[in-house]
Chemist: 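Below is a structure I'd like to ask you about.
The figures here come from the full heavy-atom set of this structure, side chains too, leaving out hydrogens, waters and symmetry mates.
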Amino acid sequence: SVPLIFQPDRSFLIAEAQRAQGFFDPAIRSYQQVLKLLKSPSSDHTLWIDSQLGLARSWRSLGLTKSARRALREVRDVLRKGTSEQAEDLALEEAMILRAEGNHPRALARLNSLLRLHERRGDLSSAGYVLWAMAGARRFFLGGGASPAHAGSASARRRAVSAVLIAPV
């Protein structure tokens, strides 16, 4: 039996594993269990925010964007006590929800802003994920064509791709 103090962390790790494997309904139940155990954001801000983001990601993956947006509103309300990384996760999830809703121009604009941020920092992993998300949005919105106004600059994409390809392992 897991001591009560560790149960929220245990449930969160289970939820993350379930979501990563595509078991979204069980992941949602596990994230909700975390939130129930925590009772309020003040119990553990980081875990509470991460659990709400996990709920949003799971609901988005199931096409339940209204539920995903509701979870993000909860995050936005307490984020001022969160980390800058969590703020970036919130911005990314908002862009991904826009993409899931078919609002590709707004999704691409937000993703492009995130790409520039990650590029300035040299965060190649995050830049790579954002490029992947942008490619999906471009494929749906533009039918595979390029649009400099929404898809980020070609030079930014080349630099990010080059950096990933030549980055030491």
Chemist: Run the side-chain contact (heavy atoms from CB on, under 4.5 Å) check on Leu111 and Leu92 step by step: do they pass?
Modeler: CA-CA 7 Å; Leu111 289 166; Leu92 176 61; 3.7 Å; yes
Chemist: Show, in sequence, the C-alpha distance, side-chain angles and deciding distance for Asp89 and Glu93, and conclude whether the side-chain contact (heavy atoms from CB on, under 4.5 Å) test is met.
Modeler: CA-CA 6 Å; Asp89 288 346; Glu93 190 54 33; over 6 Å; no
Chemist: Using 0.5 Å steps for rounding, measure from the CD atom of Glu85 to the OG1 atom of Thr46.
Modeler: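 It is 9.5 Å, given to the nearest 0.5 Å.
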Chemist: Any chance CZ of Arg10 has more than 12 other-residue heavy atoms, nucleotides or ligands included, within less than 6.0 Å?
Modeler: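 Open: at most 12 neighbouring heavy atoms sit under 6.0 Å from CZ of Arg10.
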Chemist: Decide side-chain contact (heavy atoms from CB on, under 4.5 Å) for Asp50 and Val34; before the verdict, give the C-alpha distance in whole Å, the side-chain angles of both, and the deciding distance to 0.1 Å.
Modeler: CA-CA 10 Å; Asp50 288 344; Val34 174; over 6 Å; no
Chemist: I'd like to know if the side chain of Arg70 pairs up with that of Ser67 as donor and acceptor (distance under 3.5 Å, no hydrogens or angles considered).
Modeler: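 Result is yes, a qualifying pair exists.
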Chemist: Group every Ile, Leu, Val, Met, Phe, Trp and Tyr by side-chain heavy-atom contacts under 4.5 Å, then state whether Leu98 and Leu108 land in the same group.
Modeler: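 They do not share one cluster, since no chain of ILVMFWY contacts under 4.5 Å joins Leu98 to Leu108.
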Chemist: If we check side chain to side chain contact (heavy atoms under 4.5 Å, CB included) with Ser11, which of these qualifies: Leu35, Leu47, Leu38, Leu37?
Modeler: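 By the side chain to side chain contact (heavy atoms under 4.5 Å, CB included) criterion, Ser11 pairs with just one of Leu35, Leu47, Leu38, Leu37: Leu37.
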Chemist: Give a yes or no answer on whether the side chain of Ser30 reaches the backbone of Pro26 with a donor-acceptor pair at less than 3.5 Å.
Modeler: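 Answer holds: yes.
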Chemist: Take His118 and Glu88, measure what side-chain contact (heavy atoms from CB on, under 4.5 Å) needs, and give me the verdict at the end.
Modeler: CA-CA 10 Å; His118 298 313; Glu88 290 170 26; 3.5 Å; yes
Chemist: Mind checking whether Leu62 and Leu55 sit in one hydrophobic cluster, side chains of I, L, V, M, F, W, Y counted as touching below 4.5 Å?
Modeler: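 Leu62 and Leu55: one cluster.
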Chemist: Taking all non-hydrogen atoms of both residues, which atom of His45 and which atom of Gln86 are closest, and how far apart?
Modeler: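 Smallest interatomic distance, heavy atoms only, reads O-NE2, 4.4 Å.
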Chemist: Tell me whether the count of non-hydrogen atoms from other residues, nucleotides or ligands lying under 6.0 Å of OH in Tyr129 goes above 12.
Modeler: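 Enclosed.
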Chemist: So which heavy atom on Arg19 is nearest to which on Gly54, and how close?
Modeler: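 For Arg19 and Gly54, the tightest heavy-atom pair comes out as CD-O, 3.9 Å.
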Chemist: Please report the closest heavy-atom contact between Leu72 and Ala56, naming both atoms and the distance.
Modeler: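 Shortest heavy-atom separation between Leu72 and Ala56 comes out as CD2-CB, 3.7 Å.
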Chemist: Does a side-chain heavy-atom distance below 4.5 Å link Arg106 with Asn103?
Modeler: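 In contact.
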Chemist: Let me confirm one number: the CE-CG distance from Met134 to Leu114, rounded to the nearest 0.5 Å.
Modeler: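 So the gap between those two atoms works out to 9.5 Å.
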Chemist: If I take atom OG from residue Ser58 and atom CZ from residue Arg29, how far apart are they, to the nearest 0.5 angstrom?
Modeler: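 Between atom OG of Ser58 and atom CZ of Arg29 there are 11.0 Å.
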Chemist: Does a side chain donor of either Glu16 or Tyr31 reach within less than 3.5 Å of an acceptor in the other side chain?
Modeler: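 Checked: Glu16/Tyr31 side chains pair up, N/O donor to acceptor below 3.5 Å.
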Chemist: Distance under 6.0 Å and angle within 45° of the ring axis: does Arg99 meet both against Trp132?
Modeler: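 Judged by the rule (NZ or CZ under 6.0 Å from the ring centre, within 45° of its axis), Arg99 counts as positioned above Trp132.
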Chemist: Hey, what do you get for CZ (Phe24) to OG (Ser61), rounding to the nearest 0.5 Å?
Modeler: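 So the gap between those two atoms works out to 4.0 Å.
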Chemist: Consider only side-chain heavy atoms of I, L, V, M, F, W and Y, link residues closer than 4.5 Å, and tell whether Val78 and Leu90 are in one cluster.
Modeler: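 Shared cluster, yes.
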Chemist: Any non-hydrogen side-chain atom of Val130 less than 4.5 Å from a side-chain atom of Leu117?
Modeler: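 Heavy-atom side-chain distance check fails, nothing below 4.5 Å.
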Chemist: Identify the heavy atoms of Ala87 and Leu79 that sit nearest to each other, and give their distance.
Modeler: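 Closest heavy-atom pair between Ala87 and Leu79: CA-CD2, 3.5 Å.
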Chemist: Side chains of Arg69 and Trp59: closer than 4.5 Å at any heavy-atom pair?
Modeler: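 No. Closest side-chain heavy atoms not under 4.5 Å.
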Chemist: For Arg110 versus Ala95, what's the shortest heavy-atom pair and its separation?
Modeler: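 For Arg110 and Ala95, the tightest heavy-atom pair comes out as CB-CB, 3.9 Å.
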Chemist: For Ser51 versus Phe12, what's the shortest heavy-atom pair and its separation?
Modeler: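 For Ser51 and Phe12, the tightest heavy-atom pair comes out as OG-CD1, 3.5 Å.
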Chemist: Say you draw a straight line from CG of Asp123 to CG of Leu115; how long is it, rounded to the nearest 0.5 Å?
Modeler: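 These two atoms lie 10.5 Å from each other.
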